[in-house]
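Since the model is a prediction, treat every value here as computed from it, not as a measurement.
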Amino acid sequence: MKRYTIGLYEKAMPSALTWKEKLKAAKEAGYDFVEISIDETDEKLARLNWTKEERLELVKTMYEVGVPVRTMCLSGHRKYPLGSNDEQTVRRGMEIMEKALELADDLGIRVIQLAGYDVYYEEGSEATRKRFAENLTKAVQMASSLGIVMGFETMETEFMNTVEKAMAYVKANKSPYLNVYPDCGNIMNAAVSYGKNVLDDIETGRGHMAAMHLKETKPGIFRDLLYGQGHVPFEEIIDKAWKMGIRKYVTEFWYLGGENWRQDLAQSNQKMRAILDRQE
């Protein structure tokens, strides 16, 4: 058995590729699995309505290629947040949650990364935070019935941009099915902003970290950077995460239209594996 597994974020590849092409590209670049995106676009949300036959076809493709889909980045709640003041938006958000869990169950996905937003396109308040907490508890109960782990993504907004903030909701729910799946780039930006040590923030999630997103950032910039273009200390962060028992990682970066995207996949895999392979 492998000492760790490293996955590729689906959006690092051209969206026009078929699933078979995406899985093959991930395999060629050296990845162990792919993280599927269920974002706020109609195209990605439509995946929640795949038929049983469509789901089975993807499972067969996973076995054929030899690379599975094992985590899900569920960012669709940015548009349909669980804390929204609009009742219809919340209803849609809960429907997305339920369907995402069912899709994960059918595809064999182990971990769903939840977006740490009470609201995004609205103004946050005590009411939105309270509503988010209440609906989160319902979501945890749904995940528990299927045995699927959910982990909060630490975001770029003040509501949940640190592991410590995410842990407040984890502790409140006291469930093995709600944990933290941090974005190390976002928490690094938060640490710099608050004048704190990012490793101390990671420590607050001890015993409750499901996986980790390896993403490059720099102050004020949260995406579209390749490794080495930002300020994230991957050596120190991975060393800390490893010592806390984290063995599942995903390289998060985006396909930006360049011709050398396959090379970017391979180089990103090699850079992160080099660090992971040094862990004792």
Practice task
Please report the C-alpha distance between E40 and Y121 in whole Å, then the side-chain angles of each, then the deciding distance to 0.1 Å, and finally whether the side-chain contact (heavy atoms from CB on, under 4.5 Å) criterion is met.
Solution key: CA-CA 12 Å; E40 63 186 274; Y121 297 110; 2.9 Å; yes
Exercise for the section: Using distance alone, with no hydrogens and no angle criterion, decide if S15 and Y255 have a side-chain donor and acceptor under 3.5 Å apart. Expected result: no
Exercise for the section: Would you tell me whether E35 and T71 have side-chain atoms, one donor and one acceptor, within less than 3.5 Å of each other? Expected result: yes
Practice task
For the pair E156 and R223, find out whether any cationic side-chain nitrogen is under 4.0 Å from an anionic carboxylate oxygen.
Solution key: no
Problem - Basic-acidic side-chain contact under 4.0 Å: E126, K130 - result: no
Problem - Candidate pair M244 and E203, rule side-chain contact (heavy atoms from CB on, under 4.5 Å), full reasoning - result: CA-CA 8 Å; M244 291 173 60; E203 176 63 34; 4.2 Å; yes
Practice task
Identify whether NZ of Lys or CZ of Arg in R247 sits under 6.0 Å from the centre of the six-membered ring of Y4 and within 45° of that ring's axis.
Solution key: no
Exercise for the section: Take D32 and R273 through the test salt bridge (charged side-chain N to carboxylate O under 4.0 Å, His left out) and record every step on the way to the result. Expected result: CA-CA 11 Å; D32 300 308; R273 277 199 187 278; 3.0 Å; yes
Exercise for the section: Establish, from distance only, whether the side-chain atoms of D39 and S75 form a donor-acceptor pair under 3.5 Å. Expected result: no
Problem - Steps toward side-chain hydrogen bond (donor to acceptor under 3.5 Å, both in side chains) verdict (T154, D183) - result: CA-CA 6 Å; T154 47; D183 180 313; 5.5 Å; no
Handout entry: salt_bridge(R262, E21) N-O dist < 4.0 Å
Key = no
Practice task
Flag the pair K196 and D201 as a salt bridge only when some basic side-chain nitrogen lies within less than 4.0 angstrom of an acidic carboxylate oxygen.
Solution key: no
Exercise for the section: State plainly whether the residues R131 and E134 are in salt-bridge range, i.e. N to O under 4.0 Å. Expected result: no
Problem - Presence of salt bridge, E158 and K165, under 4.0 angstrom - result: yes
Exercise for the section: May I have the step-by-step check of ring-ring contact (aromatic ring centres under 6.0 Å, His included) for F159 and F132, ending in yes or no? Expected result: CA-CA 11 Å; F159 177 71; F132 171 80; 5.3 Å; yes
Exercise for the section: Using a strict 4.0 Å threshold on nitrogen-to-oxygen distance, state whether E95 and K99 make a salt bridge. Expected result: yes
Exercise for the section: Determine, using ring centers only, whether F152 and Y181 are less than 6.0 Å apart. Expected result: no
Exercise for the section: Measure the spacing between CD1 of I202 and CD1 of I237 and express it to the nearest 0.5 Å. Expected result: 5.0 Å
Practice task
Group every Ile, Leu, Val, Met, Phe, Trp and Tyr by side-chain heavy-atom contacts under 4.5 Å, then state whether M155 and I112 land in the same group.
Solution key: no
Exercise for the section: For residues H77 and Y117, establish whether the separation of their ring centroids is below 6.0 Å. Expected result: no
Handout entry: Of M72, M160, M150, the residue whose pairing with L114 passes side-chain contact (heavy atoms from CB on, under 4.5 Å)
Key = M150
Exercise for the section: Examine the side chains of N186 and H213 and answer whether a donor and an acceptor come within less than 3.5 Å of each other. Expected result: no
Practice task
Tell me, with the steps shown, if Y227 and F234 meet ring-ring contact (aromatic ring centres under 6.0 Å, His included).
Solution key: CA-CA 9 Å; Y227 297 114; F234 291 104; 5.2 Å; yes
Practice task
Look at D224 together with K215 and state whether they make a salt bridge at an N to O cut-off of under 4.0 Å.
Solution key: no
Handout entry: Rounded distance (nearest 0.5 Å) linking atom OH of Y80 with atom CG of L82
Key = 13.5 Å
Handout entry: cation_pi(K248, F33) dist<6.0 Å, angle<=45
Key = yes
Exercise for the section: Verify salt bridge (charged side-chain N to carboxylate O under 4.0 Å, His left out) between E54 and K60, making sure each step is shown before the conclusion. Expected result: CA-CA 10 Å; E54 288 173 309; K60 288 179 178 178; over 6 Å; no
Handout entry: Side-chain heavy-atom pair L74, I96 within 4.5 angstrom cut-off
Key = yes
Handout entry: Test item: side-chain donor near acceptor, E122 and S84, under 3.5 Å
Key = yes
Practice task
Consider only side-chain N and O atoms of T251 and N269, and report whether a donor and an acceptor are under 3.5 Å apart.
Solution key: no
Exercise for the section: Kindly check if the number of other-residue, nucleotide or ligand heavy atoms within 6.0 Å of CD (E153) is above 12? Expected result: yes
Problem - Atom pair CE/CG of M62 and L23 - distance to nearest 0.5 Å - result: 7.0 Å
Problem - Presence of salt bridge, R278 and E235, under 4.0 angstrom - result: yes
